[in-house]
Amino acid sequence: MAPKKPSSSGGGASKKSGDKDGGARVMYWFRTDLRLHDSPALQAALDLKPQAFFPLWCWDPNYIYKHRVGINRFRFLLESMSALSSSLHSLNPLSQLLVVRGDPCDLLPELFKRWGITHLAFERDPNDEYVRQRDDQARKDAKANGVEVLDGYGHHLYDIREVLKAHNNEPTLTLGALQSAVSKFGDPAKPIDAPKSIPSPLLKDDVASPPQDIKDLLPKLLKSLEGLPEYSKKKGPEYDLNSHELGGQRSTGESGKVTCYDSLVGPDASESIKSTFSVPTLESLGMDAKAARVSVPSLIPGGEAEGLKRLERVIKDTKYIATFSKPKTSPCQDTSEASTTLLSPYLKFGCVSVRKFWWDAVEASKQYKGAGKTSPPENIQGQLLFREMYSVAEAGVGETYKRVHANPISRYIDWYLPTVYDSKGKEIIPRPAGDAASEARYAAFVEARTGFPFIDAAVKQLKTTGWIHHLARHSLASFLTRGQCWISWERGAEFFDEHLIDWDPASNPGNWMWLSCSAFFHQYYRVYGLATFPQKYDPSGSLIRKYCPELKDFPDKHIYAPHTAPLEVQRKAKCEIGKDYPAPILDEKKEKEHCIARMKVAYAKGWRGDAKEVLEGKAQEILRKEHGVPDPTLPEGYKAQENKDKIPKWAQRKEEDDEAQKKQGGKKRKGEKDEEEDHKASDTSTKTLSKKAKK
DNA sequence: CCAATGGTTGGGGCC
DNA sequence: TGGCCCCAACCATTG
């Protein structure tokens, strides 16, 4: 594999048309590669010594409306775009990131014509069906306009398409399979340096005598776009997954309006510095960072420089790198003091090159002379190889990868709250409500009131900071799916998609399949204990004391299972379970046994998502009948809504929601007095816990 | 075809 | 504190 030389495709005649006018005119299309260092496609573009270079970002409505993206990831993206724009500007005062707002399939062909583009360069983004189709369209449009395409790869260590081919176009389901598939390609390519200069984005007429200042140049570019239709004038998206109405994170009312498409190139109304071709603001996405339950300022700031700084910091600690062992890192630490490198968000948006991370880690490990060096799968390189494995698996499966239905690698299991499809096989959006008990469990999960402190704390940390440790993700995923709740991994994957900054279309569904024992991993009898597992890493429960402050005065031995504490202990901690903090929504041990019994039956059938019985819609009924485990029921007296006073200030919903809560509250209130009894009933399940805690 | 082996990240008991 | 075994038993790979 020769990664240094990006493959070239598209119209062969285009090069001549560029030469005819005295040089190439390149558009570099930034997507998930928001960096200047180690970018082979960028390097290939600059190697043409172009007379004009247009660094483009297309603000794609697909991502704004049809993908559930929360405020933390949007903020990280916007910060990374702004940082990139500044870097471009400091390389060339006549340059910046040129942000145009609209569908790339509409805009790119127009820009090709109006800017006289001869070459389109971009880094291939191998995962996600939407992206693949969009890029195929861009290639076609380029060809139709006589524009040559230069596409390098740099989002992964290896060219995912080539690895997939080397694995007979089969998804890689084990790390060993991935390793043997890449072995014929040798080591990943060494990273290349960032360019030292870039040409200006000049219109043809300006090449001979360029404007002196970018403030003179941008109006000319703006003029060249005259007559281009604005996206806001189109009929708009079929649905808006991020709208408040569909449970997304946009604000309510007028402030939740998406205004970033009101103009083709900005500025947004709320921008303090008026400029065109500008990076949108959170406000123009209808999102308010201050009002949202997220950390302000961000603990994980976006941008290439921030990413490289963080990389340098972890690499300096050669012992840490050389002896890194993922299973031993703690899931119980807050984002500001994470036991892992926290580089995944930067890899996700390409702020840090994965090859640079790989080679820096190899070098640091070499320098360390002590004992206890680790190797794949547990070390840093192993982690990066897992990322490749999921990417090749996604590429091999295609569009069904992120769901169960018709997915050839995901085992069919009769989860509750599965994604539902209409008679034509189209996903129904928004998903119709499922059975009441599972919906209530799911609501308790996403609202961090399951009554299991580690689960609730991890959910709050995720919502606040946009990141949680890998093993905390395991705990949540095990609990929601095969461990206790028996809810489809699709729901969990969607929840993570909304909140994780580092959400990746291959790794995240892959990890949910792994944890739910749907693919990649199969030892379903290994279930994460809701208290025992985190207790191993941090017996003092500091994460819980921070994110569930109502529990902060519990003694260590009860912090992970406060409902097992004697009432006098609860009173002393000023927190009575069922009153000041929810009683557990389910019986951990009983549900675990139910789940294992169900898994056994589902495994014996051996159906994947593409089995005949699944496609015909009969599989669920057959499995339910066969395992005979009754549907879940709510604990009696279970309250769908917690009293808002019991929720910490920073986690409280806004006024409008409180009104809605009050209205519903009246209905639920009558069950309240039953709580003491529920508490007793659920106690049996956790006796083993309290016994251990007493030791 | 079969048996053996390994699988980043479970829990619990024992030394 | 860490290593070891057992629990009951899955899959994918390998010889």
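First the proteins, then the strands, lettered A, B, ... as listed; each starts at 1.
- Looking only at atom types and distance, the side chain of A:D414 has a donor-acceptor partner in the side chain of A:H627 under 3.5 Å away.
- A:S183 places a side-chain N or O within donor-acceptor distance of the main-chain N or O of A:S180, the cut-off being under 3.5 Å.
- Between A:K592 and the phosphate of B:dG11, there is no side-chain N or O to OP1/OP2 separation shorter than 4.0 Å.
- Applying a 4.0 Å cut-off to non-hydrogen atoms, none of the residues of residues 360-367 of chain A approaches DNA chain B.
- A:Y158 and A:F185 have tilted rings, their planes meeting at an angle from 30° to 60° on a 0 to 90° scale.
- With sequence neighbours excluded, no residue satisfies side-chain hydrogen bond (donor to acceptor under 3.5 Å, both in side chains) with A:R387.
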Measure all distances between protein nitrogen or oxygen atoms and nitrogen or oxygen atoms of nucleotides 6-8 of chain B, and list the pairs falling under 3.5 Å.
from: B:dG7; atom 1: N3; to: A:Q523; atom 2: OE1; distance (Å): 3.4
from: B:dT8; atom 1: N3; to: A:Q383; atom 2: OE1; distance (Å): 3.4
from: B:dT8; atom 1: N3; to: A:Q383; atom 2: NE2; distance (Å): 3.3
from: B:dT8; atom 1: O4; to: A:Q383; atom 2: OE1; distance (Å): 3.0

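- Of the two residues near DNA chain C, A:R526 and A:Y603, the one whose nearest nucleotide lies more 5' is A:R526.
- Ion pairing between a basic and an acidic side chain is recognised when a charged N comes within 4.0 Å of a carboxylate O; A:K309 and A:E306 show such pairing.
- Side chains of A:Y416 and A:D631: a donor-acceptor N/O pair is present below 3.5 angstrom, by distance only.
- Note on A:R387: nothing from the nucleic acid sits closer than 4.0 angstrom, heavy atoms only.
- The span of DNA chain C lying next to chain A, judged by atoms under 4.0 Å from heavy atoms, is bounded 5' to 3' by C:dA9 to C:dA12.
- Between A:E626 and A:K600 there is no salt bridge, since none of the side-chain N atoms of the basic residue sits less than 4.0 Å from a carboxylate O of the acidic one.
- Within the 4.5 Å cutoff, the side chain of A:S410 has heavy atoms near those of the A:M513 side chain.
- A salt bridge links A:R355 to A:D38: one of the charged nitrogens lies within less than 4.0 Å of a carboxylate oxygen.
- As judged by a 4.0 angstrom heavy-atom cut-off over every strand, A:R411 is placed among residues touching the sugar-phosphate backbone only.
- Distance OH (A:Y528) to P (B:dT9): 7 Å, rounded to an integer number of Å.
- If you measure from atom OH of A:Y524 to atom P of B:dT9, you get 18 Å, rounded to the nearest angstrom.
- Applying the side-chain hydrogen bond (donor to acceptor under 3.5 Å, both in side chains) test to residues at least two apart or on different chains, the pairs with a partner in residues 311-331 of chain A are A:S325-A:E378, A:K326-A:Q383, A:T329-A:H469.
- Paired runs in DNA chain B that reach 3 or more consecutive Watson-Crick or G-U pairs, where each pair keeps both distances under 3.5 Å, cover B:2-7 with C:10-15, B:10-15 with C:2-7.
- For A:R491 and A:E494, the salt-bridge test passes: some basic side-chain N is under 4.0 Å from an acidic carboxylate O.
- Here B:dG10 presents its P atom at 17 Å from OH of A:Y560, a figure rounded to the nearest Å.
- The main-chain N or O of A:C351 is never found under 3.5 Å from a side-chain atom of A:R35 such that the two would form a donor-acceptor pair.
- When the shell of 6.0 Å around CD of A:Q523 is examined, it contains more than 12 heavy atoms from other residues, nucleotides or ligands.
- C:dA8 and B:dT8 have their P atoms separated by 24 Å, with the value rounded to a whole Å.
- Ring centers of A:F479 and A:Y528: at least 6.0 Å apart, outside the cut-off.
- Heavy atoms of A:K328 sit nowhere under 4.0 angstrom from any nucleic acid atom.
- Comparing the P positions of B:dC1 and C:dA9 gives a spacing of 26 Å, expressed to the nearest Å.
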